[in-house]
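Beneath this line is the structure, given in structure tokens, with notes to follow.
Protein chains get the first letters and strands the later ones, always in sequence-line order, with residue 1 at the start of each. Computed from a prediction, not measured in an experiment: that's the story for all the values here.
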2 protein chains.
Amino acid sequence: MCGSFLARVVKRLIMATVTIRDVAREAGVSTATVSYVLNNSGRVSEQTRQRVLEAARRLGYRANITARNLQARETRLLGYTWRPTPPDQFNPVLDQFLNAIAQAAAHHDYRVLTFPSETIEEELATYEDMVLSSRVDGFILSNTNLDDPRVRKLSQKGFPFVAFGRANPEWDFPWVDIDGRWGVRKAVEHLIERGHERIACLAWPEDSLTGAYRLQGYVEAMKLAGLPVDAAWIARTENKHDDAYETTRRLLELPAARRPTAIMASSDLMAMGAMNAAHDMGVEVGRELALVGFDDAPVARYLRPPLSSLRQPIAEVGERLIVMLVDLCQGRPVSQQHVLLKPQLIIRASSDFRF
Amino acid sequence: MCGSFLARVVKRLIMATVTIRDVAREAGVSTATVSYVLNNSGRVSEQTRQRVLEAARRLGYRANITARNLQARETRLLGYTWRPTPPDQFNPVLDQFLNAIAQAAAHHDYRVLTFPSETIEEELATYEDMVLSSRVDGFILSNTNLDDPRVRKLSQKGFPFVAFGRANPEWDFPWVDIDGRWGVRKAVEHLIERGHERIACLAWPEDSLTGAYRLQGYVEAMKLAGLPVDAAWIARTENKHDDAYETTRRLLELPAARRPTAIMASSDLMAMGAMNAAHDMGVEVGRELALVGFDDAPVARYLRPPLSSLRQPIAEVGERLIVMLVDLCQGRPVSQQHVLLKPQLIIRASSDFRF
DNA sequence: TAGTCGCGGTTAAACGTTTAAGTCCGCGCC
DNA sequence: GGCGCGGACTTAAACGTTTAACCGCGACTA
């Protein structure tokens with residue numbers, strides 16, 4: 001804490017912070033009375049109540065949050081971290097999500113503290129640190145997966161947290177997630193309804209739970225419609241443009257009888273890869289090939305052709321998460337531990353044509 | 001603070017938080033000694049030093065941050081807010097910027113507190129609130145402009161803050177900015193070097209300072225090269241895809257002798273609008289029309305053709321801002337009040353051809 | 001031998017709140 | 001008139017740190 005002495009002196013001089021004691025003196029009462037009035041608890045006569053309120057107003061008094069928090073053994077802070085997006089990818093919902101949780105938190109008088117972590121180990125270490133030093137009252141996780149070490153650790157410690165995303169079904173912890181399975185099923189049904197029968201799915205690697213749900217939706221829709229699924233149509237790749245590009249090339253090089261006429265991509269980024277592959281092979285998306293993405297990234301509507309996609313109700317996700325987390329932090333029972341929200345299919349030119 | 005009593009009891013039971021007193025008892029010394037050891041200030045014999053360290057380790061002790069902050073009259077928190085991006089736009093650098101500042105802050109043992117604000121009034125009110133209640137030690141502003149009320153208010157209050165972006169030249173406050181003027185000049189020189197003479201500029205409305213600098217770079221480059229500038233080539237629009245689209249259409253409808261063969265757009269979003277307009281008019285970007293954007297959004301490389309753009313050194317901006325702000329918060333003199341960083345021209349197919 | 005000094009610790013106050021417990025006073029009741 | 005009671009306010013402890021001030025003691029100096 002070197003050098004903090006000078007800083008403190010300076011702060012003292014510059015910022016004449018007014019404390020509860022100043023208000024008490026000004027109103028001619030004790031600090032306790034001031035506190036009671038300001039938290040309108042306790043029995044205070046209307047007359048002194050007004051006197052205190054007036055004094056507080058006159059001095060421009062606001063209770064010091066740190067002091068209040070110390071005494072209340074809380075911080076009114078919620079921690080959120082995410083892995084930085086690699087330069088060749090984009091995170092279409094971070095902006096919205098951060099806004100949603102921060103806004104919802106503010107309604108309950110909480111704030112959101114963001115901290116970076118390059119690796120999962122670093123993230124776990126930071127959790128540990130923040131819990132031990134009482135930096136935050138709870139955490140918001142996102143992008144959870146099977147066997148997620150963060151979920152495991154936090155539930156084992158019994159520290160309040162909520163997750164955007166699911167994990168092992170047998171683990172009981174509060175989460176909100178998008179029903180990707182339902183969404184993809186609806187999207188594929190939309191493709192089938194438009195006349196497609198050979199539909200491929202750009203899926204994520206096997207270790208991705210979110211990817212598994214989305215793929216499941218695809219399989220279900222095909223099965224429900226009685227359409228056969230060629231093994232080659234289920235193409236697993238990383239969530240990368242270039243991988244999706246290559247994979248799509250291979251799909252479009254299949255013999256005519258097996259070649260898909262529609263592709264369901266697990267993300268907009270992958271859909272862009274597919275779009276570019278099709279373009280480079282002279283296949284016109286929106287006429288010869290239908291394409292649907294996932295996320296409804298802001299760019300989706302500006303692509304050529306505009307990309308159909310599944311829009312996630314991010315604002316509601318954030319809102320729900322915060323309500324759960326705040327309940328948890330304040331020791332109230334959480335009404336609904338598991339919430340599954342439906343995405344919305346946005347149909348644009350990339351898939352809006354009869355085949 | 002209703003209902004907090006139960007929460008506190010529960011917390012007490014669940015989380016057996018270990019305090020400095022526990023460590024003192026365990027090591028058989030006073031709390032002062034523990035504190036001196038842990039902050040390695042003060043003179044403590046090596047022997048007790050070890051005993052204290054050992055005790056702290058054994059109990060898993062971490063100092064409670066709230067208590068420490070209360071005593072130090074600081075919060076170790078830096079506030080950052082941004083206006084939510086409208087759904088039809090995207091914020092290409094938020095992700096990076098947030099990461100950069102949070103990471104840099106962490107190096108100095110600070111954390112970043114994010115809070116939303118829909119309007120500028122709301123933002124100002126929140127600043128006021130946070131200052132009065134000592135919620136944060138300083139603020140990071142972004143997207144500043146001429147007569148920026150936030151800059152005005154905070155510097156008048158004398159509260160520590162730094163800004164990503166400039167404001168009125170006569171105002172003296174610490175900022176870091178990207179030299180958009182230099183960047184655009186380089187980009188336009190690149191276009192000229194490729195053989196273009198009729199170059200248009202998609203500029204922002206007159207009230208945008210950032211837009212003014214970028215436009216200035218364009219004008220300079222043209223002047224330096226001795227090229228005349230047709231008034232129609234300076235096309236001001238909002239930072240919107242659709243506006244840029246319409247404007248580009250009009251540019252391309254100009255008579256052949258006045259029609260631009262290259263367009264410098266003030267953002268990637270506008271460049272996409274231009275790209276789509278050209279495409280719809282049958283003009284091939286990357287062969288008949290050159291195009292350069294600004295920001296180097298993650299999608300830029302995946303567009304057809306890949307979009308040339310000016311990449312901002314966001315990580316460095318964040319790093320510099322935090323160093324300045326931390327100095328400010330700790331009462332140290334700020335070494336360099338104004339920092340102007342150069343963007344990097346990323347040349348891709350949209351402009352990489354001889355005309 | 002007395003005074004001084006430095007070492008290695010402790011004591012206690014302070015940071016700004018909240019809140020349980022206590023005090024004082026006037027009033028009504030038996 | 002004594003007692004209990006409730007209203008209105010105060011006292012003081014507590015939250016968990018940091019740190020200025022103090023203290024005892026042995027060694028060194030004059």
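To the nearest angstrom, P of D:dA21 lies 11 Å from OH of B:Tyr36. Separating the CD atom of B:Gln71 from the C1' atom of C:dA13 is a distance of 10 Å, rounded to the nearest angstrom. When the C1' atom of D:dT18 is taken as reference, atom CG of B:Leu70 falls 10 Å away, rounded to whole Å. Atom CZ in A:Arg68 sits about 18 Å away from atom C1' in D:dG16, given to the nearest Å. Note: CG (A:Asn64) to C1' (C:dG16) measures 6 Å, nearest angstrom. If you take CD1 of A:Ile20 and P of D:dC9, they are 15 Å apart, rounded to a whole angstrom. When the P atom of C:dG9 is taken as reference, atom CG of B:Asn39 falls 16 Å away, rounded to whole Å. The nearest whole Å value for the distance from the CZ atom in A:Arg135 to the C1' atom in D:dT17 is 14 Å.
Proximity of A:Glu26 to A:Tyr61: side-chain heavy atoms (C-beta onward) are nowhere separated by under 4.5 Å.
The pair A:Arg57-A:Glu54 meets the salt-bridge criterion, with a side-chain N (NZ, NE, NH1 or NH2) lying under 4.0 Å from an Asp/Glu carboxylate O. The existence of a salt bridge linking B:Asp129 and A:Arg62 is confirmed by a sub-4.0 Å separation between a basic side-chain nitrogen and an acidic carboxylate oxygen.
Residue-level contact check: B:Ser45 touches the backbone only, with heavy atoms under 4.0 Å from sugar-phosphate atoms and none from bases. In this structure, A:Thr48 reaches the sugar-phosphate backbone alone: every heavy-atom distance under 4.0 Å involves primed, P, OP1 or OP2 atoms, never a base.
For B:Asn69 and D:dT17, the shortest distance from a side-chain N or O to OP1 or OP2 is not below 4.0 Å. Applying the 4.0 Å criterion to OP1 and OP2 of D:dG16, one finds that B:Thr19 has every side-chain N and O outside that range.
A donor N or O paired with an acceptor N or O is not found under 3.5 Å between the base of D:dG6 and the side-chain atoms of A:Arg43.
In this structure, a donor-acceptor pair under 3.5 Å is present between the side chains of B:Ser117 and B:Thr81. In summary, the side chains of A:His338 and A:Asp177 do not present any donor paired with an acceptor at a separation below 3.5 Å, with no hydrogens or angles considered. Counted by atom type alone, A:Asn69 and B:Thr66 present zero donor-acceptor pairs between their side chains at under 3.5 Å.
In this structure, B:Trp82 and B:Tyr80 have parallel ring planes: the angle between them is below the 30° cut-off, well short of the 60° mark.
Nearest-nucleotide assignment on DNA chain D puts the 5′-proximal partner with B:Thr66, out of B:Thr66 and B:Thr33.
Listed nucleotides: C:dT18, C:dT10, C:dG16. Nearest to the side chain of A:Arg21: C:dG16. Listed nucleotides: D:dA12, D:dC9, D:dT19. Nearest to the side chain of A:Ala32: D:dA12.
Remark: A:Tyr61, A:Arg62, A:Ala63 in residues 50-63 of chain A come within less than 4.0 Å of DNA chain C through at least one heavy atom.
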